[in-house]
Amino acid sequence: VNHAAATGTGTGVLGDTKTLNTDSYSGGYYLRDITKPMYSTGGKIETYTANYGTALPGTLLTDADNVWTDRAAVDAHYYAGKTYDFYYNKLGRNSFDNRGATLKSTVHYSRNYNNAFWNGTQMVYGDGDGSQFTSLSGALDVVAHEITHAVTERTAGLVYEYQPGALNESFSDVLGNLVENKNDPKWLLGEDVTTPGIAGDALRSMSNPNEYGQPDHMNEYQNLPNTREGDWGGVHINSGIPNKAFYNFVTTPGITKDNAGKIWYRALTQYLTSYSQFIDARNATIQAATDLFGANSLEATAVANAWASVGVG
Ligand SMILES: Cc1cccc(C(=O)O)c1OC(=O)C1CC1
Ligand SMILES: [Zn+2]
């Protein structure tokens, strides 16, 4: 048999055990998930190692006995599967291209690499330096954040600069937390992999962006240059404003996470375009809420109020 779905076990970055969808071949097992609906058109979830170099995708991981000990790889694979399931089951999207494209991840990228990114073709995760970060695939909100960059690229195409770039970042934070689906009242990002030596901190907070140096209102918008040093006009900084708008919306009594996700996803995929500004995101999310729940619905009203609360609209 050249390809058969198998179930393995693995240890994650935080030492937890999880079951993995793998692919058996004559000599052992590939870290390849062939159980998803995408497989009907050849789509798979595959996890590779760069073996601390920078050549991509690197080597597809294999194992002799289907008991996996590469913790970064275990989590990259497992969390990519969880993210695929969320998009398919909750939002009706079949992988990042909505046509069942294979989800490819590479772990152990470079050395002491405090970064994770979508490179236009695949996800890439560093192992962190052990102080600022531990292996970045060890957090579901991070993995879903990166995969959402791919979704955004294939849909709205929000360019990675200034307000469209901050929206790009915010949609990745919003979907990252919706996929992670923790009961976290602070709606933190990256809490599971930032500063392994310090408990309770994170990379960003959607409930209180100021806590991590982000604005939470238009009157704190930071005009930064479109350079690497300027974070491309502050895409990871000014994202605090749309993040706070989403937080105020999703915590409005009567609003559910599922409905909030449907509204934000519909705005991203049906209304936003490459150079959309914050005001366009306000209008798009109101329109999406109106489409789904009606003009004077609790959802449409709460969306407008949420953006107004951060000085947009
Ligand atoms: C850790 C990191 C560094 C630089 C860019 C990104 C990026 O993907 O924008 C990044 O990942 C995140 O922000 C994830 C959500 C925590
Ligand atoms: Zn990002």
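Worth knowing before you read on, the calculation uses all heavy atoms, side chains too, and leaves out hydrogens, waters and symmetry mates. When a ligand or atom number is given, it counts from 1 through the structure's own listing order.
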Self-check item: Counterpart residues, side chain to side chain donor-acceptor pair (under 3.5 Å), relative to Q222 (two or more places apart)
Solution: none

Quiz prompt | Neighbour count >12 (heavy atoms, 6.0 Å) for atom CG, N296 | solution = no

Quiz prompt | Within 6.0 Å of NZ in K18, more than 12 heavy atoms from elsewhere | solution = yes

Quiz item: If you measure from the Lys or Arg side-chain nitrogens to the Asp or Glu carboxylate oxygens, is any gap between E169 and R204 under 4.0 Å?
Solution: yes

Quiz item: Hey, does V310 have a side-chain heavy atom less than 4.5 Å from the side chain of F278?
Solution: no

Exercise. Go through the side-chain N and O atoms of Q287 and D291 and say whether any donor and acceptor fall under 3.5 Å apart.
Key: yes

Exercise. Report the residue from F249, Y271, Y247 that forms a ring pair (Phe, Tyr, Trp, His ring centres under 6.0 Å) with W264.
Key: F249

Practice problem: At a heavy-atom distance under 4.0 Å, which protein residues reach ligand 1? Sort them by chain and number, would you? | Solution: N115, A116, F133, L136, V142, H145, E146, H149, Y160, E169, L203, R204, H236

Practice problem: Could you list who else is in Y39's hydrophobic cluster, with ILVMFWY side chains joined at under 4.5 Å, directly or through other members? | Solution: I34

Quiz item: By residue and atom, what protein N/O/S atoms are less than 2.8 Å from the Zn ion (ligand 2)?
Solution: H145 NE2, H149 NE2, E169 OE2

Exercise. May I ask you to decide whether K182 forms a salt bridge with E191, counting only side-chain N to carboxylate O separations under 4.0 Å?
Key: yes

